Structure formats: structure tokens, C-alpha cells
Engineer: 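Before I ask anything, let me first share the structure, which is written out below as C-alpha cells.
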There are 2 protein chains.
Amino acid sequence: MNIGEVAERTGLPAKTIRYYEDIGLIRPERRANGYRSFSDADAHKLGFVARARALGFGIDECRTLLGLYEDEGRSSADVKAVARTHLAQIEEKIAQLQAMRDTLAHLVESCAGDERPDCPILQDLAPD
Amino acid sequence: MNIGEVAERTGLPAKTIRYYEDIGLIRPERRANGYRSFSDADAHKLGFVARARALGFGIDECRTLLGLYEDEGRSSADVKAVARTHLAQIEEKIAQLQAMRDTLAHLVESCAGDERPDCPILQDLAPD
DNA sequence: GATAGTGCTTCCAGTAACTGGAAGGTCAAG
DNA sequence: CTTGACCTTCCAGTTACTGGAAGCACTATC
């Protein structure tokens, strides 16, 4: 199938699919006219990557997961290790954002938000 | 003072400070030898930006906040609006990450993590 | 056969906010 | 006078795309 159909099936923009080919995630065939020709397996892999990306995995992690996915002799432990590492990163990111949110929410609440210039938000940002 | 001292005072890397000059956040003087000469006000502004960045504000938001900070005739409402918008973005991001985390945590838990190839994580990522 | 419209191709550039590194000038100390 | 720390500029790389331009391919219609 052509790139447009794969894009529709996977929900990925055609541009993104070309990019994934550029970086070697997939290697679709080419037709005589220069068009990419995607096999079902290619579409399948792209769908896999799309889901992994939606879970926040980076491209390199997707590459690793894809490799494990296609390796019949994999150990689930290897997959789990990748997922667990990623999970830990997400949890750290959440913690950082929550700290920001708490500070910000507090500041927003304490600001009058009127036409006067006095503002605890700016006071907090100002050093010393 | 020189860039090194400002870097130490603000906790910002010298590279970052030069970058902030590049994009017009600050405009330090220059000495005859070409070195940047930072005033206390410059250092103060950089500290302000450092804190705003630590709260997750983007560079453009920092620019806006810096403008409000230096505008004696500002309304706190304007500051509050910037902060509230940013707060909403953070909360959305947190929600996204929490959704990822929940899915991932579930998957990680359900994966045996042994030497066998069967893996619910890969099954979940695989389309259809 | 000409034309229009859609889909495909490549390539270049830009995004956010730095960061690393190279090549080289400046300054204070010994 | 040399060493070492500090400063300068410039170029490239990071992440994962995204937008746009120029141009070929295919299909349908007149």
C-alpha cells in the first residue's frame, strides 16, 4: 500500500512515517515509480511504534521494543526492564510537574489579580 | 561583574547566560576587552528568569513576566493571567503523564519478567 | 491529447532551549 | 614569560518531528 493508506491506518502523518524510514525504524520497498510500498508487516510495525510513542517511549526505546517484539527468542524480562525504566522517568517527571503546579497554584491563589501592580507571583520570582 | 560570577550567583551556566543575551532577554554592557560586564540589575533579571524557568515558564513567558516585573504600572491581573495559563498547561501535562503512568504501571505489573518471550506489554503495543 | 486535481517524491529549514566543543584572545600569578 | 583560569565567537548537535517549496506520477474528465 501507499504511504497515505498507512498514514490513515496508523493515525501517523505521512511526514512522520517518512521520518521513521529516515531514521531506520522501517524499510519499506520501493515501486518502479519511486513510491514507497508498505507491506502489512510495515504497517503493523508503524502501529506498534505509534502506540509506544503514545505511552511516551522515546524513539530509541521504540527501536529497542521493536527489536524485542520481532525477536521470538526474547525474554519478557528485557521488555519489562525497558518499560520499568521508562515508568520511573515518567514518575519523576510527574513529581517535578506536581511540585511546579503546587507552587504555581499557591501563587496564583494569593494574587489579587486586579489593576494594582502588587503581585506575590512576581515577588516570588524576584531573587532576594 | 564577569559572566562567571553571574553564573555562580544565579546558578545558570555561563552558556545559558550568553544564550539569553543572544535572544535578547538581557543586554549586558561590554568592556574594552570584549568581556561582558553585568550590572546588579542584569544579575537580578537573570535570577528572575532562572526562577521562572524552574517553574516551567517558557522563554517567551519569561520575557513577558520580565516585562511586567519591570513595568511599575502593571496590573497584577496580567501577571496572574500568564501564571494561570501556564498552570493549566502544567495540569494538562500532568494528566497526560498520569494516564501513561497508569497504563504502564499496569502493564509492568502484569509482565512476568522472566526468560520466557510471552509479554503482555508487547501484546498491548501490538496493533489488533 | 490536454488539463486538473490529488498524491507521491526529495530537500531545506525551523521548532525549544540549550549544550558541547574548537580555536583563540585576556588576565593574574609566579 | 609561561601557565592556567576565564573570556570570546562560531558551528554543530540534541528530540521528534513539522511546514513548505519544487517537481514527478497517476486518475478522471473534456
Side-chain angles (χ1 to χ4, degrees), chain A residues 1-38 42-43 45-46 48-66 85-86 89-90 92-93 96-97 100, chain B residues 1-38 42-43 45-46 48-66 85-86 89-90 92-93 96-97 100:
Chain A
M1 64 200 116
N2 283 346
I3 199 168
E5 191 180 338
V6 184
E8 202 178 344
R9 278 205 206 179
T10 60
L12 293 170
K15 277 243 159 184
T16 300
I17 296 173
R18 290 193 196 100
Y19 171 69
Y20 286 168
E21 183 188 10
D22 267 5
I23 63 174
L25 277 186
I26 47 162
R27 306 192 178 283
E29 300 281 309
R30 292 296 179 129
R31 289 192 222 284
N33 63 9
Y35 285 20
R36 290 168 182 81
S37 173
F38 295 85
D42 289 327
K45 281 165 76 169
L46 285 168
F48 183 95
V49 172
R51 294 192 188 215
R53 292 287 301 125
L55 283 181
F57 287 101
I59 291 290
D60 272 351
E61 288 167 320
C62 289
R63 216 185 287 273
T64 303
L65 289 171
L66 212 43
T85 299
H86 178 51
Q89 285 170 354
I90 286 183
E92 195 185 322
K93 189 77 189 168
Q96 286 174 4
L97 288 173
M100 287 181 189
Chain B
M1 63 199 117
N2 283 347
I3 199 168
E5 192 181 338
V6 184
E8 202 179 345
R9 277 205 207 181
T10 60
L12 293 169
K15 278 244 157 182
T16 300
I17 296 172
R18 290 192 196 100
Y19 171 70
Y20 286 168
E21 183 189 11
D22 267 3
I23 62 172
L25 276 186
I26 47 162
R27 308 191 178 284
E29 301 281 309
R30 293 294 178 131
R31 289 192 223 284
N33 63 8
Y35 284 21
R36 290 169 182 80
S37 172
F38 295 85
D42 289 327
K45 283 165 75 169
L46 285 169
F48 182 95
V49 171
R51 295 193 187 212
R53 292 287 300 126
L55 284 180
F57 287 102
I59 292 289
D60 273 350
E61 288 168 319
C62 288
R63 217 185 286 274
T64 303
L65 288 170
L66 212 44
T85 299
H86 178 51
Q89 285 169 353
I90 285 182
E92 196 184 322
K93 188 79 188 163
Q96 285 172 5
L97 288 173
M100 287 180 189

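What you are looking at is a predicted structure, and each value in this text was computed from that prediction instead of being measured. A, B, ... follow the sequence lines: proteins, then strands. Residue 1 opens every chain. All values below come from the heavy atoms of this structure, side chains included, with hydrogens, waters and symmetry mates left out.
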Engineer: How long is the span from the CG atom in Asp22(B) to the CD1 atom in Ile17(B), to the nearest 0.5 Å?
Structural biologist: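 One finds 12.5 Å between CG of Asp22(B) and CD1 of Ile17(B).
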Engineer: Going by ring pair (Phe, Tyr, Trp, His ring centres under 6.0 Å), name the residues that satisfy it together with Phe57(A), two or more places apart in sequence or in a different chain.
Structural biologist: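 So Phe57(A) forms a ring pair (Phe, Tyr, Trp, His ring centres under 6.0 Å) with His86(A).
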Engineer: Show the nearest heavy-atom pair for residues Ala52(A) and Cys62(A), with the distance to one decimal.
Structural biologist: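 Looks like CB-SG, 3.7 Å.
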Engineer: Along DNA chain D, 5' to 3', what are the outermost nucleotides having an atom less than 4.0 Å from a heavy atom of chain B?
Structural biologist: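 Listed 5' to 3', the contact boundaries are dC6(D) to dC10(D).
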Engineer: Apply ring pair (Phe, Tyr, Trp, His ring centres under 6.0 Å) to Tyr20(A) and list each qualifying residue two or more places apart in sequence or on a separate chain.
Structural biologist: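 With sequence neighbours excluded, Tyr20(A) shows a ring pair (Phe, Tyr, Trp, His ring centres under 6.0 Å) to no residue whatsoever.
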Engineer: Kindly state each residue pair satisfying salt bridge (Lys or Arg N to Asp or Glu O under 4.0 Å) with at least one member in residues 51-60 of chain A, sequence neighbours excluded.
Structural biologist: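 For residues 51-60 of chain A, and leaving out neighbouring residues, the salt bridge (Lys or Arg N to Asp or Glu O under 4.0 Å) pairs sorted by first residue read Asp60(A)-Arg63(A).
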Engineer: Given side chains that start at C-beta, do those of Arg36(B) and Met1(B) come closer than 4.5 Å, heavy atoms only?
Structural biologist: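 No - every pair of side-chain heavy atoms lies 4.5 Å or more apart.
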Engineer: Got a donor-acceptor contact below 3.5 angstrom from the Thr16(A) side chain to the Leu12(A) backbone?
Structural biologist: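 No.
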Engineer: Who are the salt bridge (Lys or Arg N to Asp or Glu O under 4.0 Å) partners of Glu8(B), not counting sequence neighbours?
Structural biologist: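 For Glu8(B), no residue satisfies salt bridge (Lys or Arg N to Asp or Glu O under 4.0 Å) once neighbours in sequence are set aside.
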Engineer: CD1/Ile59(A) to CG/Leu66(A) distance, rounded to the nearest 0.5 angstrom?
Structural biologist: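 Here the rounded value is 10.5 Å.
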Engineer: Under a 3.5 Å distance rule, please check whether Glu5(A) uses its side chain to pair with a backbone N or O of Asn2(A) as donor and acceptor.
Structural biologist: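 A pair under 3.5 Å: no.
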Engineer: Bend across the helix from dG1(C)-dC30(D) to dG30(C)-dC1(D), to 10°, with axes taken over 5 pairs at each end?
Structural biologist: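 Axis angle across the helix from dG1(C)-dC30(D) to dG30(C)-dC1(D), nearest 10°: 30°.
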Engineer: Using the rule given for side-chain contact (heavy atoms from CB on, under 4.5 Å), can you reason through Ile26(B) versus Leu46(B), listing the C-alpha separation, both sets of side-chain angles and the distance that settles it, and then say yes or no?
Structural biologist: CA-CA 8 Å; Ile26(B) 47 162; Leu46(B) 285 169; 3.8 Å; yes
Engineer: Measuring from atom OH of Tyr19(B) to atom CG of Leu25(B), what distance do you get when rounded to the nearest 0.5 angstrom?
Structural biologist: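 Reported to 0.5 Å precision, the distance equals 8.5 Å.
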Engineer: Would you compute the distance between atom CD of Glu61(A) and atom CG of Leu55(A) and round it to the nearest 0.5 angstrom?
Structural biologist: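 If we round to the nearest 0.5 Å, Glu61(A):CD and Leu55(A):CG are 11.0 Å apart.
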Engineer: Which parts of residues 9-26 of chain B get close to DNA chain D, meaning a heavy atom less than 4.0 angstrom away?
Structural biologist: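 Residues of residues 9-26 of chain B that come under 4.0 Å of DNA chain D are, in numerical order, Lys15(B), Arg18(B).
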Engineer: Quick one: which residue pairs count as a salt bridge (Lys or Arg N to Asp or Glu O under 4.0 Å) with a foot in residues 26-35 of chain B, not counting sequence neighbours?
Structural biologist: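 Of all non-adjacent pairs touching residues 26-35 of chain B, those that pass salt bridge (Lys or Arg N to Asp or Glu O under 4.0 Å) are Glu21(B)-Arg30(B).
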Engineer: Let's see if you get this right: which residues in residues 48-66 of chain B place a heavy atom under 4.0 Å from DNA chain C?
Structural biologist: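 Contacts with DNA chain C under 4.0 Å: Arg53(B), Gly58(B), Ile59(B).
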Engineer: What is the distance from CZ of Phe38(A) to C1' of dG7(C), rounded to the nearest Å?
Structural biologist: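 Going from CZ in Phe38(A) over to C1' in dG7(C) covers 13 Å.
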Engineer: Ignoring hydrogens, what is the shortest heavy-atom contact between Ser37(A) and Pro28(A)? Give both atom names and the distance.
Structural biologist: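 Nearest heavy atoms, Ser37(A) then Pro28(A): O-CB, 3.9 Å.
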Engineer: With sequence neighbours excluded, what pairs up with Gln96(A) under the side chain to side chain contact (heavy atoms under 4.5 Å, CB included) test?
Structural biologist: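 Glu92(A), Lys93(A).
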Engineer: Under a 4.0 Å heavy-atom cut-off, which of residues 27-37 of chain B touch DNA chain D?
Structural biologist: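 Here the set is Arg30(B), Gly34(B), Tyr35(B), Arg36(B).
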Engineer: Quick one, give me the B/S/- string for nucleotides 1-6 of chain C, reading 5' to 3', where B means a protein heavy atom under 4.0 Å from the base and S means that only happens at the primed atoms, P, OP1 or OP2.
Structural biologist: ------
Engineer: To the nearest 0.5 Å, how far apart are OG1 in Thr10(B) and CD1 in Ile3(B)?
Structural biologist: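 It comes to 9.0 Å.
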